[in-house]
Visitor: 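Please read through the structure below; I'll follow up with questions.
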Amino acid sequence: MLIAQLLLDKESGTGSTIIELPADSTATLREDWGKSTMAPVHIGRAKTTSSPIYTLAEVAKHCTREDAWIIIDERVYDVTRFVDRHPGGVGPLVNLAGKECTDVFANYHAARVYEKMLPAFLIGEMAPGEIVVWPHVADFRRVRLELLRRGLFETDMHFYAKMAAWHAALFLSSLYLSLGCTSCTAHMSGAVLMGVFWQQLAGIGHDLGHSGVTHDFHRDHRIGSTLSALMGLSVGWWKSDHNTHHVACNAIEHDPNIQHMPMLAISPKIFSRPKWWDTYHRKWVGMDDVARLLVSYQHLFFYPLMALGRWNLYVQGLIYLLTQPDKTHYPKTELAGIAVFFSWVFATAWSMPTWAQAVSWVMVSHAVAGVLHVQIVLSHWSMHAYAGRAYTGPDDEWYITTMRTTMNVSTPKWLDFVHIGLQFQVEHHLFPRLPRHNLREARTMVKEVVEKHFPAGSPECKRLFPNGIAYHEPGFFEGNLEMWRTLKLTALAARSAKKGEHGFWQSALWDGMNCAG
Ligand code: HEM
C-alpha cells in the first residue's frame with residue numbers, strides 16, 4: 001500500500017510540506033534544518049573515465065581509525081584525517097570504516113554536510129555492479145523519501161512549547177512541595193515529582209542530543225548543555241556514548257550500552273571468550289571471580305540497581321568532561337551547569353527538617369528517575385547481540401541489523417508522553433533526526449515495509465530474526481519480562497563460565513571507585 005501510495009498518490013500526506021518526489025536519479029530529497037529540500041545525489045567531481053574505481057573488498061581493507069574509507073551513494077571517501085574531528089564522535093566513523101554507508105549517512109546528516117563537507121574527501125567511484133540495493137533496502141529508502149515528502153522532519157514547536165509548560169509545572173510543583181510545605185508526605189511527594197521531572201527531561205535531552213529539535217547541531221547541543229543545570233548530566237558524554245551505541249547497536253565489543261561487566265551481561269556471548277577488547281572504553285573485558293559472582297545474580301538486583309543508575313551517569317559525565325576522550329563541545333558550559341545542579345539539589349535536601357528526610361528526598365527522587373534506565377535498556381537488551389562488526393552483507397546490512405537489535409514498546413497514544421519517544425525505538429534508530437512527535441506516523445510506514453519483506457513466521461524471517469519476529473513490539477510489562485528472562489538466562493550461564501584474565505580489576509567500576517580519570 002505504502003509503495004503504491006509513493007508511486008501513485010503524490011498529493012497525499014499529513015505533514016505541513018508536501019513536496020514532489022524527484023523525477024530522475026540525479027536528484028533526491030534531503031533534510032536541511034528540518035526542512036525537506038531537493039538536492040543533487042552527487043556533489044563534487046563528476047564521474048570521468050580517469051576516476052579511480054574500487055571494489056567492496058578493496059574498500060573493506062581501510063577499516064581502522066588510522067585508515068578509514070567509506071562508501072556513500074556509490075562514491076568512495078577517504079575520511080581518515082576527519083575521524084578525530086567528526087562532530088558525531090570517533091565511534092560512528094570507526095565502526096563504519098570500510099563499509100557501505102549510504103543509509104546510515106543519509107539518516108544522520110543534513111543536506112549541507114553532503115554539499116559542504118563530503119566532496120573534500122572524495123577519492124573515487126565504486127566499480128559497476130558492486131553495490132546492490134536489495135528490495136527491502138529500496139523500500140526503506142522510499143519510506144525516508146515519503147517522510148521527507150510529507151515534511152515530517154520539520155519540528156512542530158507547539159509540541160515543545162507544551163513540553164516546556166509540562167516540565168515547568170513538574171519542576172515548580174516539586175520545589176513547592178519540597179521547600180514550601182512542612183509535612184514529610186509533601187516533601188516525599190516533591191521528591192517523586194522531581195524524579196518524574198528528570199525522567200521526562202531526559203526525553204528532551206535525547207531529542208536535543210540527536211539534533212532533532214532545531215536541527216542545528218550546535219544550537220541543540222548548547223540548549224542541551226545548558227539544561228545540565230537542571231538534570232546534572234553531560235550531553236557531550238551522552239552524545240559520544242549514544243552515537244556509538246546507535247551505529248554499533250548490541251555489538252559486544254563496540255556498543256557502550258551493553259558493556260556493563262562486571263555488573264551485568266545481556267548475553268552469554270559476552271563471557272564466552274576469556275577476554276575481549278572493548279573499543280569504546282578502550283580496555284580488556286573478561287570474567288573474574290567478582291564478575292562471575294555479580295553477573296550470576298544480576299536478575300535479582302537489576303531493578304534495585306536501576307534505582308541507583310543515575311549516580312553512574314553523573315560519574316560518567318564528569319569523567320568524560322574532565323578527560324575528553326572524544327570530540328567534545330561546550331565542556332565548560334556543562335561543568336558549570338553540573339555545579340549549579342548539585343548546588344540546588346543538595347540545597348533542597350539540606351532544607352529538610354531531618355537528616356532522614358534529606359537522604360530520603362535524594363534517594364526517592366533518584367529512584368523514581370531510575371524508570372528512565374529501564375526504559376532505555378528495554379528496547380535492546382532482549383534482542384540479538386553479536387560479536388564483531390555488522391554491515392557485511394545482505395543479512396546484516398543497516399536496516400536488518402537495526403530490526404534485529406531493536407524493539408518498540410506498544411503503548412496507547414495518550415501514554416506517549418510517559419515513554420518520551422523511546423517506545424518507537426525502531427523508527428528512532430532508523431531515522432534519528434525525525435522529531436519525536438512524528439515517530440508514530442513513521443511507525444505505520446516502517447511496519448508496512450517490514451511486513452512486506454519479512455512476514456512474521458516466514459522462513460526468511462525465522463532465519464534472520466530472533467523468535468522469527470522482525471518487527472517486535474511487546475507491551476511495557478511484557479517487554480520487561482522478556483528482558484528479565486534474558487538477564488536470568490545469562491546469569492545462569494555465568495555460573496558455569498570459565499574464568500578469564502580480565503574483569504573487575506580492569507572495569508570502569510573499579511576505576512570509578514578509585515577516581516581514575
Ligand atoms: C559513515 C560514517 C559516518 C557516520 C556513521 C556518522 C554518524 C554521525 C552521527 C551519529 C552524528 C551525530 C549527529 C548529532 O549528534 O546530531 C554525526 C554528526 C555529524 N557528522 Fe557524521 N558520520 C559519518 C561520516 C561523516 C562524514 C564523512 C562527515 C563529513 C564529511 C560527517 C560530518 C558530520 C557533521 C558535520 C555532523 C554534525 C551534525 C550536523 O551538522 O548536521 N560525518 N555523524
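Residue numbers start at 1 and run along the sequence shown.
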Visitor: Taking side chain as C-beta onward, heavy atoms only, is Val426 less than 4.5 Å from Val446?
Guide: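 Val426 reaches Val446 side chain to side chain.
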Visitor: Can you find a pair of side-chain heavy atoms, one from Val235 and one from His242, that are under 4.5 Å apart?
Guide: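 No. Closest side-chain heavy atoms not under 4.5 Å.
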Visitor: Does Lys269 have more than 12 heavy atoms from other residues, nucleotides or ligands lying within 6.0 Å of its NZ?
Guide: yes
Visitor: Does any part of the side chain of Leu335, heavy atoms only, come nearer than 4.5 Å to the side chain of Leu318, both counted from C-beta?
Guide: yes
Visitor: Determine the minimum heavy-atom distance between Gly212 and Thr155, stating which atoms define it.
Guide: O-OG1, 3.4 Å
Visitor: Among side-chain atoms of Ser240 and Tyr280, is any donor-acceptor pair under 3.5 angstrom?
Guide: yes
Visitor: Please report the shortest heavy-atom distance between Ala390 and Asp396, naming the atom on each side.
Guide: CA-OD2, 3.5 Å
Visitor: Where the side chain of Trp484 meets the backbone of His299, is there a donor-acceptor pair that is under 3.5 Å apart?
Guide: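 Yes, because the side chain of Trp484 sits within donor-acceptor range (under 3.5 Å) of the backbone of His299.
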Visitor: Verify the distance criterion only: is there a donor paired with an acceptor across the side chains of Ser410 and Glu473 at less than 3.5 Å?
Guide: no
Visitor: Any side-chain donor-acceptor pair under 3.5 Å between Tyr320 and Asp326?
Guide: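 No, no side-chain donor-acceptor pair sits under 3.5 Å.
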Visitor: Please round to the nearest 0.5 Å and tell me the distance separating atom CD of Gln199 and atom OG of Ser365.
Guide: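 If we round to the nearest 0.5 Å, Gln199:CD and Ser365:OG are 13.5 Å apart.
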Visitor: Tell me, yes or no, whether the heavy-atom count around Arg495 atom CZ, taken from other residues, nucleotides or ligands under 6.0 Å, exceeds 12.
Guide: yes
Visitor: If you measure from CD1 on Ile71 to NZ on Lys99, what distance do you get to the nearest 0.5 Å?
Guide: 10.0 Å
Visitor: Asn243 versus Val247: any side-chain heavy-atom pair under 4.5 Å?
Guide: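 No, their side chains stay 4.5 Å or more apart.
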Visitor: Does the side chain of Glu397 come under 3.5 Å of the side chain of His136 through a donor N or O and an acceptor N or O?
Guide: yes
Visitor: Considering non-hydrogen atoms only, spot the tightest contact between Ala97 and Ala68 and give its length.
Guide: CB-CB, 3.8 Å
Visitor: A side-chain contact here means heavy atoms from C-beta on lying under 4.5 Å apart; do Trp237 and Ile319 qualify?
Guide: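 The answer is no, as the side chains (C-beta and beyond) never meet within the 4.5 Å cut-off.
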Visitor: Mind checking the CZ-OG spacing from Arg485 to Ser382? Nearest 0.5 Å is all I need.
Guide: 10.5 Å
Visitor: To the closest 0.5 Å, what do you measure between CZ (Phe454) and CD (Glu451)?
Guide: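 Going from CZ on Phe454 over to CD on Glu451, the span is 12.5 Å.
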Visitor: Applying side-chain contact (heavy atoms from CB on, under 4.5 Å) to His453 and Trp134, what does each step give before you reach the verdict?
Guide: CA-CA 11 Å; His453 292 278; Trp134 295 289; over 6 Å; no
Visitor: Is there a side-chain contact between Phe431 and Leu152, using heavy atoms and a 4.5 Å cut-off?
Guide: no
Visitor: Can you see whether His380 engages Asn257 through a side-chain donor-acceptor pair at a distance of less than 3.5 angstrom?
Guide: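 No pair is found: no donor N or O on one side chain lies under 3.5 Å from an acceptor on the other.
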Visitor: In a check of ring pair (Phe, Tyr, Trp, His ring centres under 6.0 Å) between Phe217 and each of His210, His86, His329, which one passes?
Guide: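 It is His329, the one option of His210, His86, His329 that forms the ring pair (Phe, Tyr, Trp, His ring centres under 6.0 Å) with Phe217.
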Visitor: Quick one: pull up NE2 in His429 and NE2 in His246 and give me the separation to the nearest 0.5 Å.
Guide: 4.0 Å
Visitor: Could you please spell out the steps behind the side-chain contact (heavy atoms from CB on, under 4.5 Å) verdict for Phe301 and Leu264?
Guide: CA-CA 10 Å; Phe301 63 72; Leu264 299 164; 4.0 Å; yes
Visitor: Is there a side-chain contact between Phe271 and Arg292 in this structure, where contact means two heavy atoms from C-beta onward sitting under 4.5 Å apart?
Guide: no
Visitor: Would you mind reporting whether Tyr399 and Val450 have side-chain heavy atoms less than 4.5 Å apart?
Guide: no
Visitor: For Phe153 and His215: C-alpha separation, side-chain torsions, deciding distance, then whether ring pair (Phe, Tyr, Trp, His ring centres under 6.0 Å) applies.
Guide: CA-CA 9 Å; Phe153 282 88; His215 293 270; 7.1 Å; no
Visitor: What heavy-atom pair brings Asp103 and Val137 nearest, and what distance separates the two atoms?
Guide: OD2-CG1, 4.0 Å
Visitor: Under a 3.5 Å cutoff, is there a donor and acceptor pairing between the side chains of Glu482 and His472?
Guide: yes
Visitor: Taking all non-hydrogen atoms of both residues, which atom of Arg436 and which atom of Gly421 are closest, and how far apart?
Guide: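 Distance-wise, the nearest heavy atoms are CG-CA, 3.7 Å.
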Visitor: Could you tell me which residues satisfy salt bridge (Lys or Arg N to Asp or Glu O under 4.0 Å) with Asp395, sequence neighbours excluded, listed by chain and number?
Guide: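 Testing Asp395 for salt bridge (Lys or Arg N to Asp or Glu O under 4.0 Å), a comparison that skips the adjacent residues, returns Arg463.
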Visitor: Can you give the donor-acceptor pairs under 3.5 Å from side chains of residues 54-61 to other protein atoms, not counting sequence neighbours?
Guide:
{"unit_1": "Thr55", "atom_1": "OG1", "unit_2": "Glu58", "atom_2": "N", "d": "3.2"}
{"unit_1": "Thr55", "atom_1": "OG1", "unit_2": "Glu58", "atom_2": "OE1", "d": "3.3"}
{"unit_1": "Glu58", "atom_1": "OE1", "unit_2": "Thr55", "atom_2": "N", "d": "2.8"}

Visitor: When you measure from the side chain of Arg141 to the backbone of Val133, do you find a donor-acceptor pair of N or O atoms at a distance under 3.5 Å?
Guide: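 Here the side-chain-to-backbone pair does not exist.
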Visitor: Show your reasoning for whether side-chain contact (heavy atoms from CB on, under 4.5 Å) applies to Met117 and Phe82.
Guide: CA-CA 10 Å; Met117 299 178 77; Phe82 187 64; 3.5 Å; yes
Visitor: List the steps, then state whether ring pair (Phe, Tyr, Trp, His ring centres under 6.0 Å) holds for Trp284 with Trp276.
Guide: CA-CA 6 Å; Trp284 289 101; Trp276 45 267; 9.1 Å; no
Visitor: Between Thr80 and Asp78, do the side chains contain a donor N or O and an acceptor N or O under 3.5 Å apart?
Guide: yes
Visitor: Go through Glu253 and Thr279 one step at a time and tell me if the side-chain hydrogen bond (donor to acceptor under 3.5 Å, both in side chains) criterion holds.
Guide: CA-CA 6 Å; Glu253 302 92 340; Thr279 59; over 6 Å; no
Visitor: Any idea how Tyr108 and Trp398 line up, ring-wise: parallel (<30°), tilted (30 to 60°), or perpendicular (>60°)?
Guide: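 Perpendicular: the ring planes of Tyr108 and Trp398 meet at over 60°.
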Visitor: Please check if any side-chain donor atom of Ser211 sits under 3.5 Å from a side-chain acceptor atom of Asp220, or the reverse.
Guide: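 Side-chain D/A pair, Ser211 to Asp220: absent.
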Visitor: Check this for me: does any side-chain nitrogen of one of Asp73 and Arg30 sit under 4.0 Å from a carboxylate oxygen of the other?
Guide: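 Answer for the salt bridge query: yes.
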Visitor: Compute whether any side-chain donor of one residue and acceptor of the other, for Gln425 and Thr406, lie under 3.5 angstrom apart.
Guide: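 Side chains of Gln425 and Thr406: no pair found under 3.5 Å.
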Visitor: Go through the side-chain N and O atoms of Asn95 and Tyr391 and say whether any donor and acceptor fall under 3.5 Å apart.
Guide: no
Visitor: I would like to know whether Tyr314 and His366 meet side-chain hydrogen bond (donor to acceptor under 3.5 Å, both in side chains); could you show each step before the answer?
Guide: CA-CA 12 Å; Tyr314 298 146; His366 281 71; 2.7 Å; yes
Visitor: As a quick check of understanding, evaluate side-chain contact (heavy atoms from CB on, under 4.5 Å) for Leu378 and Asn480, giving each step before the final call.
Guide: CA-CA 7 Å; Leu378 183 59; Asn480 266 276; 3.9 Å; yes
Visitor: Testing the basics here: between Leu227 and Leu201, what is the closest heavy-atom pair and its distance to 0.1 Å?
Guide: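 Closest pair (atom of Leu227, atom of Leu201, distance): CD1-CD1, 4.3 Å.
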Visitor: Can a donor-acceptor pair be found, under 3.5 Å and without considering hydrogens, that links the side chain of Glu427 to the backbone of Leu439?
Guide: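 The answer is no, because no donor-acceptor pair under 3.5 Å joins these two groups.
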Visitor: Residues two or more places apart in sequence or in another chain: which of them pass side chain to side chain contact (heavy atoms under 4.5 Å, CB included) with Val368?
Guide: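 Counting only residues at least two positions away or on another chain, Val368 forms a side chain to side chain contact (heavy atoms under 4.5 Å, CB included) with Val192, Val196, Val364.
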Visitor: Between His109 and Phe105, does a ring pair (Phe, Tyr, Trp, His ring centres under 6.0 Å) hold up when you go through it step by step?
Guide: CA-CA 6 Å; His109 301 91; Phe105 192 85; 3.9 Å; yes
Visitor: Nearest 0.5 Å please: distance from the CZ atom of Phe476 over to the CG atom of Leu415.
Guide: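 Going from the CZ atom of Phe476 to the CG atom of Leu415 covers 11.0 Å.
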Visitor: Is it the case that the side chains of Gln200 and Trp166 hold a donor-acceptor pair, with the cut-off being a distance below 3.5 Å and no angle test?
Guide: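 Short answer, yes.
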Visitor: Going by atom types alone, do Asp207 and Tyr160 pair a side-chain donor with an acceptor below 3.5 Å?
Guide: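 Note: Asp207 and Tyr160 side chains meet the donor-acceptor criterion.
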